[in-house]
2 protein chains.
Amino acid sequence: MEQEVQAFQEFLRRRGLKLTTQRNIIAKRIFRTTGHFSAEDIVDSFRRERKPISKSTVYRTLDLLVEADLLDTIDFDQGYRLYERCLGRSHHDHLICVDCRCVIEFLDEEIEQLQEQVGDEHKFRILWHTHKIYGLCEGCAKKADESATRRVPGRRS
Amino acid sequence: MEQEVQAFQEFLRRRGLKLTTQRNIIAKRIFRTTGHFSAEDIVDSFRRERKPISKSTVYRTLDLLVEADLLDTIDFDQGYRLYERCLGRSHHDHLICVDCRCVIEFLDEEIEQLQEQVGDEHKFRILWHTHKIYGLCEGCAKKADESATRRVPGRRS
DNA sequence: TTCCGTGCAAATGATTTGCAGGACT
DNA sequence: AGTCCTGCAAATCATTTGCACGGAA
């Protein structure tokens with residue numbers, strides 16, 4: 001968190017941008033989160049505390065944080081963007097539960113290497129990648145199995 | 001194409017849906033495409049030929065074709081959805097050029113297997129996945145290098 | 001005849017933008 | 001003082017939906 005706050009301030013300075021109250025509040029709020037969040041999550045969290053900060057400002061600040069390499073965006077094809085902190089975090093990909101929407105991170109070095117190979121084979125200069133595996137997490141898979149079984153005796157669609 | 005037309009008609013019949021002129025026209029147009037296309041591409045192609053079909057109908061028909069397993073949707077995080085025919089096509093993933101926006105398909109059996117392993121390790125029941133590698137295709141990488149070199153003697157940003 | 005489909009216009013919902021008044025440096 | 005910012009409302013833009021009319025079965 002401290003490191004991120006400083007990195008952000010440094011970034012603003014380098015760009016000749018101002019360190020305003022709102023930017024500070026938003027950045028600190030974000031640097032306290034774990035996991036993934038949407039722009040609306042941030043806006044809501046301020047609304048709940050009755051110190052509303054305008055949507056636009058939140059969006060604009062998120063953009064800055066992404067440019068500063070302090071946030072990554074992830075698109076889970078849900079119609080809106082999610083963000084996650086990335087300073088000092090290594091690259092990883094995602095397992096996404098289509099039922100409870102939870103997200104598990106994974107990293108497989110072998111896959112990472114094979115990707116490089118794929119790039120080479122196609123003379124493609126890789127810049128970044130996203131690898132998303134959709135399915136059911138342990139809990140949701142269990143639930144699904146149970147309700148499937150339960151339905152059999154009852155003969156109901 | 002013939003196969004797909006029949007599969008679609010069969011799908012409609014099974015669902016008690018009607019085989020209308022518009023659905024037929026749209027389906028046939030799509031079954032002639034190669035590569036990726038957006039809903040707007042389809043709408044435009046009809047507009048150009050002065051047999052406009054309403055946007056809504058196109059969207060609704062695309063949904064049906066996806067449900068019929070005749071189309072896949074792919075989200076390249078461009079703010080709109082792309083589709084591709086998938087009947088009889090095996091699964092594959094994508095290399096996406098961020099410059100010219102061209103798309104190269106790839107399939108790596110080793111990666112596919114390793115994914116299964118990742119799922120197992122996390123007790124995750126995989127349903128499907130997307131694996132997108134972004135970067136520069138051969139041509140665009142070359143162009144990028146050239147203009148980078150050219151800039152050096154001239155000393156211009 | 002009876003739904004199902006279509007086209008249109010309007011709604012949606014996340015994100016972006018224009019603008020006028022405020023706030024950093 | 002001179003920019004850079006903020007908040008608001010309005011604009012975007014792809015996609016969806018409500019509704020009245022028209023068409024397949």
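These numbers were taken from a predicted model, which means no experiment stands behind them. To find a chain, count down the sequence lines: A is the first, B the second, and so on, and within it residues start at 1.
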- Query: Roughly, in whole Å, what's the span from CG in B/Asn24 to P in D/dA24?
  - Reply: 11 Å
- Ignoring backbone atoms, test whether B/Arg15 places a side-chain nitrogen or oxygen under 4.0 Å from the OP1 or OP2 oxygen of C/dC3. no
- Message: Can you tell me if B/Gln78 touches the phosphate of D/dA14, counting only side-chain N or O atoms and a distance under 4.0 Å to OP1 or OP2?
- Response: no
- Write down the distance between CG (A/Asp41) and P (C/dG13), rounded to a whole number of angstrom. 16 Å
- Message: Does C/dG7 have its OP1 or OP2 closer than 4.0 Å to a side-chain nitrogen or oxygen of B/Thr57?
- Response: yes
- Task: Mark yes or no for whether A/Lys123, through its side chain, and B/Ala141, through its backbone, hold a donor-acceptor pair below 3.5 Å.
- Result: no
- Note on the structure: Per nearest nucleotide of DNA chain C, the residue lying toward the 5' end, B/Gly16 or B/Ile53, is B/Gly16
- Message: Closest approach to the side chain of B/Arg81, judged atom by atom: which nucleotide of D/dT15, C/dT15, C/dT6 is it?
- Response: D/dT15
- Message: Taking only side-chain N and O atoms of A/Thr21, does any of them lie within less than 4.0 angstrom of OP1 or OP2 on D/dC5?
- Response: no
- Task: Tell me which of B/Leu17 and B/Tyr83 sits closer to the 5' end of DNA chain D, going by the nucleotide each one is nearest to.
- Result: B/Tyr83
- Can any side-chain N or O of B/Asp41 pair as donor or acceptor with the backbone N or O of B/Ser38 at less than 3.5 Å? yes
- Provide, to the nearest angstrom, the distance between the CG atom belonging to B/Asp75 and the P atom belonging to D/dC13. 18 Å
- Item | Flag if over 12 foreign heavy atoms under 6.0 Å of CD, A/Glu67 | yes
- Item | Donor-acceptor pair, side chain of B/His94 and main chain of B/His92, under 3.5 angstrom | no
- Which whole-number value in Å describes the distance from A/Asp63 CG to C/dA14 C1'? 13 Å
- Item | A/Tyr59 side chain near C/dT16 phosphate (N/O to OP1/OP2, under 4.0 Å) | no
- Task: In whole angstrom, give the distance that lies between atom CZ of B/Arg13 and atom P of D/dA24.
- Result: 16 Å
- Message: Just the rounded figure in Å: distance from C1' of D/dA14 to OH of A/Tyr80.
- Response: 17 Å
- Message: Considering every strand and a 4.0 Å limit on heavy-atom distances, what is the contact class for B/Arg60: base, sugar-phosphate, or nothing?
- Response: base
- Could a donor-acceptor pair under 3.5 angstrom be found where the side chain of B/Ser56 meets the base of D/dT17? yes
- Message: Does A/Lys18 contact D/dT3 through a side-chain donor or acceptor facing the base, at a distance under 3.5 Å?
- Response: yes
- Query: Rounded to whole angstroms, how far apart are CZ on B/Arg23 and C1' on D/dA25?
  - Reply: 13 Å
- Message: Assess whether a salt bridge exists between B/Asp75 and A/Lys132, defined as any Lys/Arg side-chain N lying under 4.0 Å from an Asp/Glu carboxylate O.
- Response: no
- Query: Which whole-number value in Å describes the distance from B/Ile25 CD1 to D/dG23 P?
  - Reply: 14 Å
- Task: Respond yes when some side-chain nitrogen or oxygen of A/Gln22 is under 4.0 Å from OP1 or OP2 of C/dA23, and no when none is.
- Result: no
